[in-house]
Each structure stands twice: as C-alpha cells, then as structure tokens.
Amino acid sequence: MTITRFVAILIMCIAATMILFAGCSSANEPTATQSTAKLENTPTVYDGEESFQNRCAVCHGELASGTATGPPLVNRLYEIGHHPNFSFHNAVNNGVTAHHWNFGDMPPIPNVAPEEIDAIICHVRDLQRAEGIAAGDPC
Ligand code: HEC
C-alpha cells in the first residue's frame with residue numbers, strides 16, 4: 001500500500017466518522033429541545049402520599065389514622081358522602097374550626113397548589129377505600 005493510498009483511506013475513515021457523529025447529534029438535538037419544552041409546559045405531577053406525609057401526617061398521622069393533634073381521616077365521618085372532595089380543599093385553604101372533635105382548630109395550610117390537594121385527596125381516599133369506607137372511584 002502506498003502512502004498516498006493509506007492517507008486516502010485514513011481521510012475516508014475520518015470523514016465517515018464525522019458524518020456518523022453529525023448524524024447522531026442532529027438526530028438528538030430536536031429531541032433535547034422538545035423534552036425541555038415539554039418540561040416547561042407540563043404541570044407538576046404531585047405524589048399524593050408524599051405530600052400527605054409532608055403536610056398533613058404531623059396531625060392526621062402517617063396512615064391518616066390520627067394523632068394527639070388531629071383526627072383520623074380514615075373514618076366513616078370523612079366518607080365521600082359526608083365530606084366530599086371540596087371539603088378537603090376548604091380545610092386546607094381556610095382551616096377548620098373545631099366542630100367534630102376536641103383537637104382544636106386546623107390552621108390553613110399555606111402554599112398547597114390545588115393539584116397537590118387533589119393528589120392528597122386521591123391518597124386519603126385510597127386509604128379509606130382499603131378500610132371499606134365509601135371513597136368514590138380511584139383517581
Ligand atoms: C396542625 C394540625 C393539622 C394539620 C397540619 C392538618 N390538619 Fe386537617 N384537621 C386538623 C384538626 C384538628 C381537624 C378537626 C377539626 C374538627 O374538630 O372537626 C382537622 C380536620 C380536617 C378535615 C375535615 C374538615 C371538615 O370539614 O370537617 C380535613 C378534610 C382535613 N383536616 C384535611 C387535612 C389535610 C388534607 C391536611 C394536609 C394538607 C391537613 N388536614 C393538615 C388538624 C390538622
């Protein structure tokens with residue numbers, strides 16, 4: 001093999017590699033842009049159980065079975081017919097004046113997005129349903 005031929009083959013290899021990489025990057029770029037755009041437009045998806053643990057469990061208990069500072073939400077009193085989902089939104093946004101129990105008032109819980117409250121409700125309803133309490137359809 002002459003030097004010229006060797007150099008020619010080498011150049012072809014380099015060119016082929018460059019085309020391959022150019023192909024890869026141009027294929028990836030739109031995907032990367034799309035996924036960024038998607039992230040910006042997609043509303044936050046809340047994990048109802050995690051939110052419940054962070055925001056409600058301190059009073060209502062990890063399993064929503066109550067503590068010394070708040071009543072059990074897994075209780076027939078809170079079945080969907082007596083306390084529909086809007087009463088949860090109400091409780092979180094406006095607080096609750098003690099009326100069913102002797103735990104005192106529930107304070108409003110600040111900065112909980114409506115979608116986060118919905119996720120919490122889904123979680124509490126799952127726990128209720130597991131105990132045979134009327135809780136509507138699973139979310
Ligand atoms: C500081 C303690 C505390 C925290 C935190 C708390 N609650 Fe409560 N909650 C209470 C108490 C006390 C009551 C009972 C009031 C009563 O006597 O009826 C109550 C009642 C409720 C009720 C019944 C409302 C009604 O109409 O009777 C709902 C629903 C509720 N809480 C949901 C939540 C959710 C969801 C969270 C978390 C985002 C939460 N609570 C966080 C203390 C708390």
Side-chain angles (χ1 to χ4, degrees):
M1 185 190 296
T2 63
I3 287 280
T4 329
R5 202 164 161 191
F6 175 75
V7 169
I9 290 171
L10 194 68
I11 289 172
M12 272 160 60
C13 286
I14 292 171
T17 313
M18 282 169 76
I19 288 166
L20 202 70
F21 275 96
C24 284
S25 69
S26 69
N28 279 341
E29 264 166 32
T31 318
T33 320
Q34 273 166 10
S35 67
T36 314
K38 208 173 169 194
L39 271 182
E40 282 164 8
N41 296 329
T42 306
T44 314
V45 175
Y46 294 98
D47 178 330
E49 177 170 12
E50 195 181 308
S51 292
F52 182 84
Q53 298 309 336
N54 291 338
R55 299 181 179 277
C56 321
V58 62
C59 294
H60 291 290
E62 283 179 22
L63 297 172
S65 51
T67 69
T69 53
L73 296 174
V74 176
N75 184 291
R76 289 207 186 277
L77 180 65
Y78 297 115
E79 68 181 15
I80 197 158
H82 289 168
H83 286 83
N85 293 350
F86 73 77
S87 65
F88 281 67
H89 283 267
N90 236 353
V92 176
N93 292 325
N94 307 319
V96 183
T97 305
H99 61 296
H100 283 302
W101 313 80
N102 294 318
F103 294 101
D105 298 343
M106 169 174 156
I109 312 293
N111 304 321
V112 194
E115 298 78 15
E116 183 170 3
I117 301 176
D118 285 335
I120 291 173
I121 294 170
C122 291
H123 173 62
V124 172
R125 296 295 184 206
D126 284 346
L127 296 174
Q128 292 179 329
R129 201 175 300 106
E131 293 301 317
I133 296 168
D137 293 331
C139 303

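All ligand and atom numbering here is 1-based and tracks the order in the structure. Note that the structure is predicted; figures quoted are calculated from it, not measured.
- Distances from atom 29 (C) of ligand 1 to the heavy atoms of F86, F88, W101 put F88 nearest.
- Residue F103 approaches ligand 1 through these ligand atoms, each under 4.0 Å from one of its heavy atoms: 12 (C).
- Neither side chain, H89 nor N94, offers a donor N or O lying under 3.5 Å from an acceptor on the other.
- Here's the thing with S87: none of its N/O atoms is less than 3.5 angstrom from an N/O atom of ligand 1.
- Checking R55, M106, H89 against atom 39 (C) of ligand 1, the nearest heavy atom belongs to M106.
- Note: no N/O pair closer than 3.5 Å links T69 and ligand 1 by distance alone.
- Residues H60 and P71 meet the side-chain proximity criterion, which asks for heavy atoms closer than 4.5 Å.
- Looking at heavy atoms from C-beta onward, R125 lies in side-chain contact with N85 at the 4.5 angstrom threshold.
- In this structure, V74 and L63 approach most closely via the heavy-atom pair CG2-O, 3.7 Å.
- Ring centers of H82 and H100: at least 6.0 Å apart, outside the cut-off.
- Only side-chain heavy atoms of P107 come within less than 4.0 Å of ligand 1; its backbone N, CA, C and O stay farther off.
- Only the side chain of A91 comes within 4.0 Å of ligand 1, judged by heavy-atom distances.
- Taking any N or O of D105, backbone or side chain, none lies under 3.5 Å from an N or O belonging to ligand 1.
- Distances from atom 1 (C) of ligand 1 to the heavy atoms of G48, C59, S51, A64 put C59 nearest.
- Near H83, the atoms of ligand 1 lying under 4.0 angstrom from a non-hydrogen atom of the residue are 25 (C), 26 (O), 27 (O).
- Among all protein heavy atoms, the one lying closest to atom 13 (C) of ligand 1 is P71 CD, 3.5 Å.
- The shortest heavy-atom contact between A135 and I80 is O-CD1, 3.7 Å.
- Within ligand 1, the atoms closer than 4.0 Å to a non-hydrogen atom of H100 are 16 (C), 17 (O), 18 (O), 27 (O), numbered from 1 in the order shown.
- Atoms of ligand 1 found under 4.0 Å from any heavy atom of V92, numbered from 1 in the order shown, are 34 (C), 35 (C), 38 (C).
- Atom 8 (Fe) of ligand 1 lies closest to atom NE2 when only the N/O/S atoms of H60 are considered.
- Note: no N/O pair closer than 3.5 Å links Y78 and ligand 1 by distance alone.
- For the pair R129/P138, a side-chain contact is recorded, criterion being any heavy-atom separation below 4.5 Å from C-beta on.
- Connection of V92 to W101 is established within a shared hydrophobic cluster, with ILVMFWY side chains joined at heavy-atom distances below 4.5 Å, either directly or through further cluster members.
- Counting heavy atoms closer than 4.0 Å to ligand 1, residue A98 contributes atoms from both its backbone and its side chain.
- Within the coordination shell of atom 8 (Fe) of ligand 1, defined by N, O or S atoms under 2.8 Å, C56 is absent.
- Checking only distances, T97 never comes within under 3.5 Å of ligand 1, N or O to N or O.
- Within the 4.5 Å cutoff, no side-chain heavy atoms of Q53 are placed close to those of E50.
- Heavy-atom proximity to V96, at under 4.0 Å, picks out these atoms of ligand 1: 15 (C), 24 (C).
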